[in-house]
Amino acid sequence: MTISLEPGSPAHRLYLSRCAIYLRHSRQILASWDQYSTRHSDPETFQPHDEDAYGLRQQQRDADTLAAFGRVYYHADELVHVAEQQLALLAPSDRTRRYAWQVGELHEATQHLYAVHADWRTERAALPDNARPGTRAYEEPLAESYAEAWSYLDQWAIHGQALFAVNALAERQSRAGAPTAVAAPPAPAAAAAVRR
């Protein structure tokens with residue numbers, strides 16, 4: 001895929017805003033899941049009281065997280081690429097090295113997500129004609145695909161904030177390095193008038 005997204009462009013700001021929405025929603029989804037898991041698991045063994053109900057609720061968590069990421073999915077690689085470009089222009093420091101590691105984690109997670117999606121499309125194409133949405137033959141492999149994607153979506157939830165931190169540093173550096181306006185010297189006639 002050709003990356004044409006420009007840092008600081010309207011499209012870049014739009015994609016970052018969509019990422020911010022995902023980060024907020026993913027936190028809400030995870031908090032809800034943690035609450036459910038705590039209430040429906042043994043506090044000592046952490047085993048669910050009802051494995052079937054627990055598994056269905058886990059599938060719902062996976063599906064909800066992937067749906068929330070949908071607004072980011074098609075531009076995730078572009079956001080990562082821009083952050084990599086911005087990091088290359090920043091002075092090395094402990095902070096930028098940490099951000100570089102986080103962006104690297106996002107890069108890897110994004111590639112895995114695209115691979116999971118490609119695998120699901122291949123598997124879906126091979127399903128029998130009677131395996132339609134809502135049928136067990138369709139929903140079971142779909143749930144497995146969602147489950148495989150969840151850990152990579154969680155990486156985005158954990159490290160996605162680094163994109164905003166890198167962008168803020170890059171914008172600050174850009175403003176600091178911008179040339180300041182210098183007043184032009186007066187024209188000779190005007191200068192002579194001033195001397196009079």
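The figures that follow rest on heavy atoms only: side chains count, while hydrogens, waters and symmetry mates do not. Numbering starts at 1 and runs along the sequence shown.
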Determine whether Val82 and Leu89 fall in the same hydrophobic cluster, where Ile, Leu, Val, Met, Phe, Trp and Tyr are linked whenever their side-chain heavy atoms lie under 4.5 Å apart.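 Looking at the clustering, Leu89 is in a separate group from Val82.
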
Quick one: does any side-chain atom of Thr110 pair with a main-chain N or O of Leu106 as donor and acceptor, under 3.5 Å?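 Yes, the answer is positive, given that a donor and an acceptor are paired below the 3.5 Å cut-off.
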
Distance-only donor-acceptor pairs under 3.5 Å for side chains of residues 137-144, two or more places apart:
residue	atom	partner	partner atom	Å
Glu139	OE2	Gly134	N	2.8
Glu140	OE2	Arg136	NE	2.5
Glu140	OE2	Arg136	NH2	3.3

Answer whether the closest heavy-atom distance between the side chains of Val116 and Ser145 falls below 4.5 Å. yes

Can you tell me how far CG of Leu90 sits from CZ of Arg97, rounded to the nearest 0.5 angstrom? 12.0 Å

Would you indicate whether the side-chain heavy atoms of Glu6 and His12 approach each other to under 4.5 Å?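 A side-chain contact is absent here, since even the closest heavy-atom pair is not under 4.5 Å.
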
With a sphere of 6.0 Å drawn around CZ of Arg132, does it hold more than 12 non-hydrogen atoms of other residues, nucleotides or ligands?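 At most 12 heavy atoms, drawn from other residues, nucleotides or ligands, come within 6.0 Å of this atom.
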
Side chains of Pro7 and Asn167 in contact at under 4.5 Å (non-hydrogen atoms):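 No, their side chains stay 4.5 Å or more apart.
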
Roughly how far apart are His107 NE2 and His159 NE2, rounded to 0.5 Å? 14.5 Å

Can you list the residues that meet the side chain to side chain contact (heavy atoms under 4.5 Å, CB included) rule with Arg27, with sequence neighbours excluded? Leu23, Arg24

Compare every heavy atom of Asp42 with every heavy atom of Thr45, then report the nearest pair and how far apart it is.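 Minimum heavy-atom separation between Thr45 and Asp42: N-OD1, 2.9 Å.
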
Do Arg61 and Ser37 have side-chain heavy atoms sitting under 4.5 Å apart? no

For residues Leu5 and Ala11, report the shortest heavy-atom separation together with the two atoms involved.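 Leu5 and Ala11 have their closest heavy atoms at CD1-CB, 3.6 Å.
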
Are Trp156 and Tyr22 an aromatic pair, judged by ring center distance below 6.0 Å? no

I want to check something: taking the side chain as every heavy atom from C-beta on, are Phe69 and Leu113 in contact at a cut-off of under 4.5 Å?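 With C-beta onward as the side chain, the pair touches.
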
From His40 NE2 over to Gln35 CD, what is the distance, rounded to the nearest 0.5 angstrom? 10.0 Å

Test item: His25 and Arg71 side chains (from C-beta on) under 4.5 Å apart, heavy atoms: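 Yes, their side chains come closer than 4.5 Å.
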
Do Glu84 and Val80 touch side chain to side chain, with heavy atoms closer than 4.5 Å?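 Yes. Closest side-chain heavy atoms under 4.5 Å.
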
State yes or no: do Trp101 and Leu79 share one hydrophobic cluster built from I, L, V, M, F, W and Y residues joined by side-chain heavy-atom distances below 4.5 Å, directly or via other members?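 Looking at the clustering, Leu79 is in a separate group from Trp101.
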
May I ask you to check whether Glu78 and His75 show a side-chain donor-acceptor distance below 3.5 Å?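 The answer is yes; a qualifying pair exists.
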
For the residue pair Ala131 and Leu127, what are the closest heavy atoms and their distance?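 Taking every non-hydrogen atom into account, CB-CB, 3.9 Å.
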
Is it possible for you to say whether Ile158 and Val103 belong to one hydrophobic cluster, with membership spreading through side-chain heavy-atom contacts below 4.5 Å?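 The answer is no; the residues belong to distinct hydrophobic clusters.
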
Quick one, Leu169 and Gln86 - any side-chain contact, counting heavy atoms below 4.5 Å? no

In terms of hydrophobic clusters joined by side-chain contacts under 4.5 Å, are Tyr73 and Ile21 together?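 No; Ile21 is not reachable from Tyr73 via cluster members.
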
Heavy-atom closest contact (Cys19 atom, Leu163 atom, distance): SG-CD1, 4.3 Å

Output the rest of the hydrophobic cluster of Trp33: all Ile, Leu, Val, Met, Phe, Trp and Tyr residues reachable through side-chain heavy-atom contacts under 4.5 Å, sorted by chain and number.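 Members alongside Trp33: Leu30, Tyr36, Tyr54, Trp150.
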
Without hydrogens or angle criteria, can the side chains of Asp62 and Gln58 be said to hold a donor-acceptor pair below 3.5 Å?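 No, Gln58 and Asp62 have no side-chain donor paired with an acceptor closer than 3.5 Å.
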
Do you see a donor-acceptor pair shorter than 3.5 Å between the side chains of Arg57 and Ser32?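 Arg57 vs Ser32: donor-acceptor pair found between side chains.
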
Strictly distance-based, threshold 3.5 Å: is any side-chain N or O of Thr38 a donor or acceptor partner for the main-chain N or O of Asp34? yes

Looking at every heavy atom in both Val166 and Ala83, which two are closest together, and how far apart are they?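 Answer, listing the atom of Val166 first, then Ala83: CG1-O, 3.8 Å.
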
Given the rule in the side chain to side chain contact (heavy atoms under 4.5 Å, CB included) test, do Asp77 and Tyr114 qualify, once you have shown the distances and angles that lead to the verdict? CA-CA 10 Å; Asp77 56 345; Tyr114 290 162; 3.4 Å; yes

Determine whether more than 12 heavy atoms belonging to other residues, nucleotides or ligands lie under 6.0 Å from atom CZ of Arg98.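 Counting other residues, nucleotides and ligands, CZ of Arg98 exceeds 12 neighbours.
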
Determine, using the 4.5 Å side-chain heavy-atom cutoff (strictly less than), whether Tyr15 and Phe164 are members of one ILVMFWY cluster. yes

